[in-house]
Amino acid sequence: MFFNSLLTNFAALEVGQHLYWRIGNIRLHGQVFLTSWILLGALLVFISLGTKKMENDPKGLQNLLEFLWDYIRDLARTQIGEKVYRDWMPFIGTLFLFVFVSNWGGALIPWRLIKLPSGELGAPTADINTTIALALLVSLSYFYAGLSNKGWRYFEYYVHPTPIMLPFKILEDFTKPLSLSFRLFGNILADELVVGVLVFLVPLILPIPVMFLGLFTSAIQALIFATLAAYYIGEAVEEHH
Amino acid sequence: MLAFNFFGATEGGLFDINATLPLMAIQVVALTYILNSLFFKPVGNVVEKREKFVSNNIIEAKNKLSEVKKLEADLLIQLQSARSEAQRIVSEAENESDKLYKEALELANNEANASKEKARLEIESQTNAARDQLSKQADELSELIVNRLILEK
């Protein structure tokens, strides 16, 4: 009985329901795009406000943006290395900002108040399409980074240090995007579900620590995603001797 | 039914992969370019310009500091030579004034001695003259007495 009611509650959370947009023959998850546009719009407004009047003595928002820039540069530089980190810093930074803004936006803004005909608004990263898109971009990036930096010698990486590693390294090319996408997707969706269930069961006080934990998880996931992406690119451009 | 919704393939479900995926990828790539021109490039320019400015200033300050230290050492040497020079001049002047003093003292002594001698000689001559005169007068007197005594007899 209890189990049944719990399942109904899950159903009430509308897990796996989407707001479908149909363009010709293709179908899109509208709620993902809606939230991502709102959050990215806010991010872009925030950034253009902060970079509108750049001064040598930073004030206000510029300080925050410079801190952010420095943080992303340190992340890219430690993982990718001094030589090519500049080329990849915007990509790593965009991944970090996109995941971070999506996660926090999903956790902080009470999207549930906005009623949709089907599905509900939430973190764009709680949709498997978004995380797979990000993970595949990371895969393409590290292949491109390796090939453009080392040419065909990139494939030496697969037999380094011994040819026995070859099957494992090939397997890694599949497990990397898989783990990247499912880690992010699972964490964010689980956080949304836990908060949703707790709010549904005990609407007062109890969900608050879990919400804080969710914010923490969200930030950590953004950092992990960006760090791993940078690490994969760094691994691909690294010179073996 | 619920399980079907959870992992459903046709429509809905958690793992419903469709055109959202490529569109989201395109959106993220576009965002990368937008953020690069709006955020990473301008902020990077400002930060790196400032870092260059700071490191240049540090190098300049270090150069200036070493220059100052060199000048300080130079000045110390100059100060020491000036001090010894001054000491030399002072002792020279002291010697000279000592010499002058001694000379003047000697001169004055000599002069005093000379005038003393002259006075003594003068006194002596006057004493002699007076004694001569006295003895002459005594002679005259004695002659007078003798004459009178002789005449009375």
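Sequence lines set the chain letters: A, B, ... in the order given, protein chains first and strands last, and positions in each chain run from 1. Every heavy atom of this structure was used, including side-chain atoms; hydrogens, water molecules and symmetry mates were not.
- With a 6.0 Å radius and a threshold of 12 heavy atoms from other residues, nucleotides or ligands, B/Asp98 has its CG atom above the threshold.
- Looking only at side-chain heavy atoms (C-beta outward), A/Ile26 and B/Asn18 stay at 4.5 Å or farther from each other.
- Ranked by non-hydrogen atom pairs under 4.5 Å with chain B, the options A/Pro58, A/Gly30, A/Ala126 are led by A/Pro58.
- A distance of 4.0 Å separates CD in B/Glu48 from CZ in A/Arg86, rounded to the nearest 0.5 Å.
- Looking at A/Leu40, the atoms closer than 4.5 Å to chain B (heavy atoms on both sides) all sit in the side chain, from C-beta outward.
- A/Phe182 touches chain B through its side chain: at least one heavy atom from C-beta onward sits under 4.5 Å away, while N, CA, C and O do not.
- For the pair B/Arg50 and A/Glu55, the tightest heavy-atom approach, listed with the atom from each and the gap, is NH2-O, 3.8 Å.
- Within the 4.5 Å cutoff, side-chain heavy atoms of B/Thr20 are placed close to those of A/His29.
- A/Leu136 touches chain B through its side chain: at least one heavy atom from C-beta onward sits under 4.5 Å away, while N, CA, C and O do not.
- Checking side-chain atoms of A/Asn129 against main-chain N and O of B/Ala19 turns up no donor-acceptor pair under 3.5 Å.
- Proximity of A/Thr51 to B/Val43: side-chain heavy atoms (C-beta onward) are separated by under 4.5 Å at one or more points.
- Looking at A/Leu28, both its backbone and its side chain come within 4.5 Å of chain B, counting heavy atoms on both sides.
- Contacts with chain A (heavy atom to heavy atom, under 4.5 Å) involve these residues of residues 25-42 of chain B, listed by number: B/Ala25, B/Gln27, B/Val28, B/Val29, B/Leu31, B/Thr32, B/Ile34, B/Leu35, B/Asn36, B/Leu38, B/Phe39, B/Phe40, B/Pro42.
- With a 6.0 Å radius and a threshold of 12 heavy atoms from other residues, nucleotides or ligands, A/Tyr231 has its OH atom at or below the threshold.
- Using a 4.5 Å cut-off between heavy atoms, A/Leu140 makes no contact with chain B at all.
- Interface summary for chain A: among B/Leu23, B/Val47, B/Ile17, B/Leu21, the most heavy-atom pairs under 4.5 angstrom belong to B/Leu21.
- Looking at B/Val46 and A/Gln62, their side chains come closer than 4.5 Å, going by heavy atoms from C-beta outward.
- Atoms CE and CG, from B/Met24 and A/Leu134 in turn, are 8.0 Å apart once rounded to the nearest 0.5 Å.
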